[in-house]
Amino acid sequence: MKDELLFGGRFRLSQEPGVFPLSMDTMALGTFAPVRPGAAVWDLGCGSGALGLLLLGREPTLHYTGLEQSAAACALAEKNLVQNGLEGHILHANIEEIPRLVPGGCAELVISNPPYFPRGKAGAAERTGCTLEALCAGAGRLLKPGGRFALTYPAGELASLCCVLRAIGLEPKRLRFAAHKPSAVPRLVLVEAVKGGRPGLELLPGLFWYTEEGEPSPDYRRIYHEE
C-alpha cells in the first residue's frame with residue numbers, strides 16, 4: 001500500500017495493510033469540517049490519522065486527539081503525526097470508554113468517518129466497532145455547548161442519522177450530498193451538527209468527484225489539493 005502525499009507534498013500519509021486506507025470520504029470530510037484556531041478536536045475512529053493531518057494542515061494550532069480501537073492503527077496514526085512534525089494525542093480505546101477517559105464538554109469539534117460497508121439487498125450500512133447511537137453519544141459527551149460534530153454517512157441513511165443526532169441534543173445544521181458525477185445518485189452525505197443548536201438546516205451545493213465526461217471536477221481538485 002503506497003503512501004499518499006497531502007497538501008501538494010507538504011505532508012506524507014503512511015499507509016499499511018489492515019488499516020483503513022485513505023478514501024474520498026475522508027478527503028471530503030477534511031475539507032468540510034469547520035476549524036477554528038486553537039480548538040480542541042477529537043477524531044473518533046481515527047484509523048491512520050488521515051483526518052488529523054488534513055485538519056492540522058488547514059489550522060496547525062488545533063489540539064488534536066484521535067481515538068481508535070485498533071492497536072495497529074494507533075501506532076500508524078502516531079507515526080504519521082511524528083513524521084510530519086505535528087503534535088497530537090492518539091488514544092487506544094473504544095468509543096464506549098469515553099466517559100471514563102475524559103470529562104464531558106472538552107471539545108469544540110468532533111469528527112468521524114465511521115467505517116461501514118453495504119449489506120443486503122436494501123443496501124443498509126453496517127458499522128464496525130460500534131453502533132451509530134454509541135458514536136453520536138460519544139460525540140455528544142465530548143462536545144461543549146455549541147460545539148460541532150462533523151461526519152460522513154451513507155446518503156440513504158440520512159433520516160436515521162438525523163433522528164439519532166436530535167435524540168441526544170445534536171442539531172443538524174449543515175448538509176452536503178456527494179456523488180460520483182452530476183447525473184449520479186448521491187451515495188454519501190456530509191453532516192455538521194451543533195450541540196444545543198436551534199432548528200434550521202443549511203443545504204450546501206452538491207459535491208461531485210468527476211464531470212459527466214469523466215474528468216476530475218473542481219471539487220475533486222480542491223479536496224485533493226491540486227488547485
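Worth knowing before you read on, the calculation uses all heavy atoms, side chains too, and leaves out hydrogens, waters and symmetry mates.
There is no path of hydrophobic side-chain contacts, each under 4.5 Å, that joins Phe208 to Leu190. No single ILVMFWY cluster, assembled from side-chain heavy atoms under 4.5 Å apart, contains both Val82 and Leu55. At a threshold of 4.5 Å between side-chain heavy atoms, the hydrophobic network of Ile, Leu, Val, Met, Phe, Trp and Tyr places Leu22 and Leu56 in one connected group. Put simply, Val189 and Val185 are part of two different groups of oily side chains (I, L, V, M, F, W, Y) that touch within less than 4.5 Å, one to the next. Under the 4.5 Å side-chain heavy-atom criterion for Ile, Leu, Val, Met, Phe, Trp and Tyr, Val19 and Met24 are members of distinct hydrophobic clusters.
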Practice item. Please lay out, stage by stage, how Leu54 and Phe7 fare under the test side chain to side chain contact (heavy atoms under 4.5 Å, CB included). Key: CA-CA 8 Å; Leu54 292 169; Phe7 296 101; 4.3 Å; yes
Review point. Where do Phe149 and Leu109 land on the side chain to side chain contact (heavy atoms under 4.5 Å, CB included) test, with the steps shown first?
Key: CA-CA 6 Å; Phe149 180 32; Leu109 173 66; over 6 Å; no
Point to revise | Verdict with supporting geometry, Tyr64 and His89, ring-ring contact (aromatic ring centres under 6.0 Å, His included) | key: CA-CA 6 Å; Tyr64 172 78; His89 301 282; 9.3 Å; no
Practice item. Could you walk me through whether Leu151 and Ile111 pass the side chain to side chain contact (heavy atoms under 4.5 Å, CB included) test, one step at a time? Key: CA-CA 6 Å; Leu151 74 160; Ile111 53 175; over 6 Å; no
Review point. Taking it one step at a time, do Val102 and Leu142 satisfy side chain to side chain contact (heavy atoms under 4.5 Å, CB included)?
Key: CA-CA 8 Å; Val102 292; Leu142 288 168; 3.6 Å; yes
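The closest donor-acceptor contact from the side chain of Arg148 to the backbone of Lys195 lies at 3.5 Å or more, if one exists at all. No donor-acceptor pair under 3.5 Å is formed between the side chain of Gln69 and the backbone N or O of Gly45. Panel note: side chain Arg166, backbone Leu161; no donor-acceptor pair is recorded below 3.5 Å. Proximity of a side-chain donor or acceptor of Ser112 to a complementary backbone N or O of Leu44 within less than 3.5 Å is detected. Judged purely by atom type and a 3.5 angstrom limit, Asn84 uses its side chain to pair as donor or acceptor with the backbone of Arg12.
Smallest separation of non-hydrogen atoms from Arg221 and Pro216: NH1-O, 3.0 Å. Shortest non-hydrogen contact noted between Ile98 and Gly138 is CD1-CA, 3.9 Å. Of all the heavy atoms in Ile95 and Ala134, the pair that sits closest is CG2-O, 3.5 Å. A pairwise comparison of heavy atoms in Leu165 and Ala193 identifies CD1-CB, 4.2 Å as the closest pair. Heavy atoms only, all atoms of each residue included: Asp219 and Gly206 are closest at OD2-O, 3.8 Å. Minimum heavy-atom separation, Cys106 to Ala40: O-CB, 3.5 Å.
Residues Asp43 and Leu67 fail the side-chain proximity criterion, which asks for heavy atoms closer than 4.5 Å. Taking the side chain as every heavy atom from C-beta outward, Trp209 and Lys181 never approach each other to under 4.5 Å. Counting only heavy atoms from C-beta outward, the side chains of Phe20 and Ser48 never approach each other to under 4.5 Å. By the 4.5 Å heavy-atom criterion applied to side chains, Tyr153 and Asn113 are not counted as neighbours. Using a 4.5 Å heavy-atom threshold, the side chains of Phe177 and Leu207 count as separate. Using a 4.5 Å heavy-atom threshold, the side chains of Leu86 and Asn80 count as separate. Contact check for Glu68 versus His92: no side-chain heavy atoms found under the 4.5 Å cut-off. Here the side chains of Val35 and Leu62 are in contact, with some heavy-atom distance below 4.5 Å.
Note that SG of Cys163 is 12.0 Å distant from CD of Glu157, once rounded to the nearest 0.5 Å. Here Thr211 contributes atom OG1 and His180 contributes atom NE2; the two are 9.0 Å apart, rounded to the nearest 0.5 Å. With values rounded to the nearest 0.5 angstrom, Leu29 atom CG is found 11.0 Å from Met27 atom CE. Summarising the geometry, atom CG belonging to Leu170 is positioned 7.0 Å from atom SG belonging to Cys136; distances are rounded to the nearest 0.5 Å. Taking CG of Asp3 as the reference point, atom CG of Leu6 lies at 10.0 Å (rounded to 0.5 Å). Interatomic distance, Glu4 CD to Leu53 CG, rounded to the nearest 0.5 Å: 12.0 Å.
The closest side-chain donor-acceptor pair between Asp25 and Thr152, if any, does not fall under 3.5 angstrom.
Arg100 meets the salt bridge (charged side-chain N to carboxylate O under 4.0 Å, His left out) test with Glu97; sequence neighbours excluded. Remark: Tyr224 engages Tyr220 in a ring-ring contact (aromatic ring centres under 6.0 Å, His included) (not counting sequence neighbours). Taking the side-chain contact (heavy atoms from CB on, under 4.5 Å) definition, one finds that Lys79 meets it with Ser14, Glu16, Leu76, Gln83, sequence neighbours left out. By the ring-ring contact (aromatic ring centres under 6.0 Å, His included) test, His63 pairs with no residue at all, sequence neighbours left out. Taking the side-chain contact (heavy atoms from CB on, under 4.5 Å) definition, one finds that Glu202 meets it with Arg174, Leu204, sequence neighbours left out.
Within a 6.0 Å sphere centred on CZ of Arg222, heavy atoms belonging to other residues, nucleotides or ligands number more than 12. Environment of CZ in Arg10: crowded, with over 12 heavy atoms of neighbouring residues, nucleotides or ligands closer than 6.0 Å.
The list of salt bridge (charged side-chain N to carboxylate O under 4.0 Å, His left out) pairs with a residue in residues 135-144, not counting sequence neighbours, reads Glu108-Lys144.
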